[in-house]
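Step one of this worksheet: look at the structure below.
Atoms within a ligand are numbered from 1 in the order they appear, just like the ligands themselves. Keep in mind that the numbers below use all heavy atoms, side chains included, and drop hydrogens, waters and symmetry copies.
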Amino acid sequence: MKKQNLLTAAIFAGLVLGLIAGELLFRHYSGDVPTSWLDGLNFVGDTFFMRLLKMVLVPLVASSVIAGVASIGDPSQLGRVGGWTVVYYFSTMAAAVILGVVLVSQIGPGEGFPSELRIESVVAFDAQQGTIQTRVSEASGTGLWGAFQNICKQLIPSNPVGAAAQGQLLPTISFSLLLGIVLTTLGSKGRPVLDFFQSLFEAMMKLVGWILWLAPLGVGCLVAWTVARIGSVALVGPLGKYMLTVFIGLLLHGAIVLPLVLWLVGRTNPYRFMWQMKDALMTAFGTDSSSATLPVTIETAQKSGGCSKRSSEFVLPLGATINMDGTALYEAVAVVFLFQCFGIDLGPVQLGIVVLTATLAAVGAAGIPSAGLVTMVIVVEAVNGSLGDQTPHLPLAAVGIILGVDRILDMCRTTVNVWGDSVGAKIITRLAPDTPGSVPAPGSAPGSAPGSAPENSSGNASE
Ligand code: ASP
């Protein structure tokens, strides 16, 4: 068996064993799995896999964006690639949100939700002082304008090194983007620094290749940890219909909408590409984090998925931070569901607000576990604000209703997030293919190659 196939089979086995072990633990302890088990599983998965991925993340993202931008080179082509990338991100996220709104309105998972359970969850959420409660209260009160300001501030960091040291990706990306552009304009003077980052990128990718061998263990433990806390019984409980709505939405978006876009715009067999990206998708499922998965996504996109270096090194890091189709869809379903639970009818205006704000909230969500649950607060507040004084408003503590099952949904929406990023990279590969001589190898002259690279006819966006 080839090394790559062996790894894929091992990750898949880890995932399946994790699901089974988690469910067995849940049943054995009747849903009350001892903390020692849960802590142990989380410790192994987090420390020996997630932390290793996070360890390479900042240097990988910085070097990847700088090398990617440098290999695109010519600012006008970079502008075109960047423009289409943003168009792709926003249109697919908007499509995901609209799909979510339509499904949740049709299925109505919150109608008839038991009121005792509703009150119990809200009171329990208010009474606890956990991480999620803190994150939700920090996110509340900022409103849309606050969320927008926050994104702008991240895009223009006053101290990019400090932001990178704190592991913040968006500021790191925007600074690297500018640095990459400037370096290419410097010609031979920029070459040593570009060579350095290109070489750093190669080194990080090699490290990722090694770390990936721990994926079966990491993914298995993390999945077991999640399932042991929630159990498959949640699927038939009062939240079952809500979870099913999210699953159907993610399935339709991931297996039909995105493949259709890839087939039509990227002229690629979408399901073959999905198969090629399986290592990244399984890692996303296990880790619940598109940021932590990013190193694997880049590696898989380049080595198996046939994405150009020029597109994947630039599009994937940006996508992991701002393109979140799964999160956008989930936020729309969750918000409308919660309003339904409280018997508050949302009219077309409110649903329109959900579409707009859920897209923005998903952009603002970091690629980390439960980020979507937290930024959902922005959507709830915007809808509340439009309801007027006569209609009851949704308390923020209502997120307590869905908190318990969030992690399972997070696994699925993160997978769709990473799939959306990968589809974007594959589509942009048509626009920015690797042409011979366009990809600077360490020690070569990256500054001069990109601009002079002949533009491949197949790289035309209008094709
Ligand atoms: N966990 C998701 C991600 O990393 C974000 C979310 O919570 O929806 O992509």
Under the side-chain contact (heavy atoms from CB on, under 4.5 Å) rule, collect the residues that match up with V97, sequence neighbours excluded.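 V97 satisfies side-chain contact (heavy atoms from CB on, under 4.5 Å) with V101, A328, A332, V355, A358, T359 only.
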Taking the side chain as every heavy atom from C-beta outward, state whether L329 and R413 have any pair of such atoms under 4.5 Å apart.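 Side chain of L329 against side chain of R413, heavy atoms only: no contact under 4.5 Å found.
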Measuring only between side-chain heavy atoms, which start at C-beta, is W37 closer than 4.5 Å to Y29?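 Yes, at least one pair of side-chain atoms sits under 4.5 Å.
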Answer with yes or no whether the side chains of S311 and T429 bring together a donor and an acceptor at under 3.5 Å.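 Judged by distance alone, the side chains do pair up.
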For residues W419 and F285, establish whether the separation of their ring centroids is below 6.0 Å.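 No; F285 has its ring centre 6.0 Å or more from that of W419.
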Can you pull the residues with any heavy atom under 4.0 Å from ligand 1?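 Only D288, S289, S290, M324, T327, A366, G367, I368, P369, S370, A371, G372, D410, R413, T414, N417 have heavy atoms that fall under 4.0 Å of ligand 1, ordered by chain and number.
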Within the distance-only criterion (no hydrogens, no angle test), does the side chain of R430 pair as donor or acceptor with the backbone N or O of V265 below 3.5 angstrom?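 Between the backbone of V265 and the side chain of R430 there is a qualifying donor-acceptor contact (under 3.5 Å).
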